[in-house]
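Worth saying up front: this structure is predicted, and the values here are computed from it rather than measured. Reminder, nothing fancy here: chain letters follow the sequence lines and each chain counts from 1.
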Number of protein chains: 2
Amino acid sequence: MPDTEVDKTSAAVDALRRPAAAPAGRGGRPRDAHRDAQIMRAALDVLIEIGYDRLTMDAVATRARAGKATLYRRWPSKEALIAEAALCAGADSTEAVPDTGSLRGDLITMLAGAAEHIDESHARAVVALLPILPGNPELAEIVRERFLTEWQRLLQPLLARGRERGEVHPDRDLDLLALVLPSMAFYQTVFAERPVDPPLLTRLIDEILLPLAASPPHPRTG
Amino acid sequence: MPDTEVDKTSAAVDALRRPAAAPAGRGGRPRDAHRDAQIMRAALDVLIEIGYDRLTMDAVATRARAGKATLYRRWPSKEALIAEAALCAGADSTEAVPDTGSLRGDLITMLAGAAEHIDESHARAVVALLPILPGNPELAEIVRERFLTEWQRLLQPLLARGRERGEVHPDRDLDLLALVLPSMAFYQTVFAERPVDPPLLTRLIDEILLPLAASPPHPRTG
DNA sequence: CACTTATGGAACACTTGAGTTCCGGAACTG
DNA sequence: CAGTTCCGGAACTCAAGTGTTCCATAAGTG
């Protein structure tokens, strides 16, 4: 898990883990930290392929070329491993806020640069995690908050600057605006099986977000 | 399952069922057809509360006040029962296409009249069903197609008429337009836990769909 | 070197839940 | 009436999968 994560998520991830390896200096084989990421990557792949219900720890261990005991030395349960794997699937962006001179340029630049963590597999991982959320309210809260805030944190600075430039109508609710792209992208991921690739995002920006941002609410022209 | 369903879904539902009860006339107690709907209602409730992973046939039977054998006389497996329950959760609307004289009026009237099947529990049921879709491509296809087409079938006639009235810009792609509301409603359901109630829908219509419909794509005013 | 900890693979324990069968009673036919 | 099918509740079967333990080997410390 990258160390730029918010405290709340770090605490949640800690709660998903077993006690750490033996401290250095006592002798003994050191724990290979790379294995954690490899195991989680394998877990995520299996999760996306066959879903949470059919996923077994045996399958994850085989995929990761690890012993099952290696998995259980790190995570106390299947649920904990899968939860952490899905939470870590999309790293936070450390992109600087672009300033291309136009809202369209900013949006396209930002989303191109942030392709890694709006990667479709993140959305699929979250979808695959949805079924266990009813039984785990803390995790549900973190997943929801994280998924909601990620896109919004990316989009709101751009929309705000667009408003200053006069590209976003002054009466526009930026919170609501920032929901449009993630909503449509997520819907595509879940239902349309259309890859959320740069051409699609560009189309959504051009045909949906930009015209909407520039228009006033409640046009009532009809 | 209402008999207005498309053939594909009916075939899919038939495939989810065990052979029917003994034909009438042979004597023996008749099967109570009301129990089917009651059992599925119970299944849906449990599904939404605790998710597919934790749902047990015992829990559904208890909730439905039925014997487990009663469930298995109708459905061959847990998966089949849950799949049919979720598919039937939202009945198709038989609403007439409203004509209020304005796109806004049409949208609000249609969505108010169709509240039953855009009920949030339908979306939650579909979400809860997502985990079994990777292992069941036919069902996945039906769920996706059905969920996609339902809102679109409702919205497209209204948008088309709006275009005739000059309320929808002639360059507007109606397929894409018809995706905006369902996308945002679904996102709210899954992540924001905000009830998709008439005030929210009205707000989405006023602040998102109507201004968007009236505006041309690619404004490039920035 | 002895001692320690981590590893993968295998064997193991056990419980949970899907699915099946049984049975007394209910609801039907001829 | 006898025979038939459905019902709910209970008992049952069994295997799959979670989670645990074992062990030879590997990778460290002092």
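Distance, B/Arg54 CZ to D/dT18 P: 13 Å, rounded to whole Å. Between B/Lys68 atom NZ and D/dT13 atom C1' the separation is 11 Å, expressed in whole Å. What separates CG of B/Asp53 from C1' of D/dG17 is a distance of 12 Å, to the nearest Å. Taking atom CE of B/Met57 as the reference point, atom P of D/dA11 lies 20 Å away to the nearest angstrom.
In this structure, A/Thr62 has no side chain to side chain contact (heavy atoms under 4.5 Å, CB included) partners at least two apart in sequence or on a different chain. Residues satisfying the side-chain hydrogen bond (donor to acceptor under 3.5 Å, both in side chains) criterion with B/Arg203, sequence neighbours excluded, are A/Asp173, B/Glu207.
Annotation: proximity of residues 58-66 of chain A to DNA chain D (heavy atom, distance under 4.0 Å) is found for A/Asp58, numbered in ascending order.
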Between protein and nucleic acid, restricted to nucleotides 25-27 of chain D and to nitrogen or oxygen atoms under 3.5 Å apart, what atom pairs and distances do you find?
unit_1, atom_1, unit_2, atom_2, d
D/dA27, N3, A/Arg29, N, 3.3

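Under the 4.5 Å side-chain criterion, counting only non-hydrogen atoms from C-beta, A/Ile208 is not in contact with A/Leu181.
With hydrogens and angles left out, the side-chain atoms of B/Arg35 and B/Gln38 include a donor and acceptor closer than 3.5 Å.
Exactly one residue among A/Lys68, A/Arg31, A/Arg18 makes a side chain to side chain contact (heavy atoms under 4.5 Å, CB included) with A/Arg73. That residue is A/Arg31.
Overall, the helix from C/dC1-D/dG30 to C/dG30-D/dC1 carries an axis bend of 10° between its ends, with five pairs at each end and the value rounded to 10°.
Nucleic acid contact for A/Arg35: sugar-phosphate only, since backbone atoms but no base atoms lie under 4.0 Å from a heavy atom of the residue. Among the atoms of the strands shown, none is found under 4.0 Å from any heavy atom of A/Leu81.
Contact footprint of chain A on DNA chain C: nucleotides with an atom under 4.0 Å from a non-hydrogen protein atom, first to last in 5' to 3' order, C/dT4 to C/dG9.
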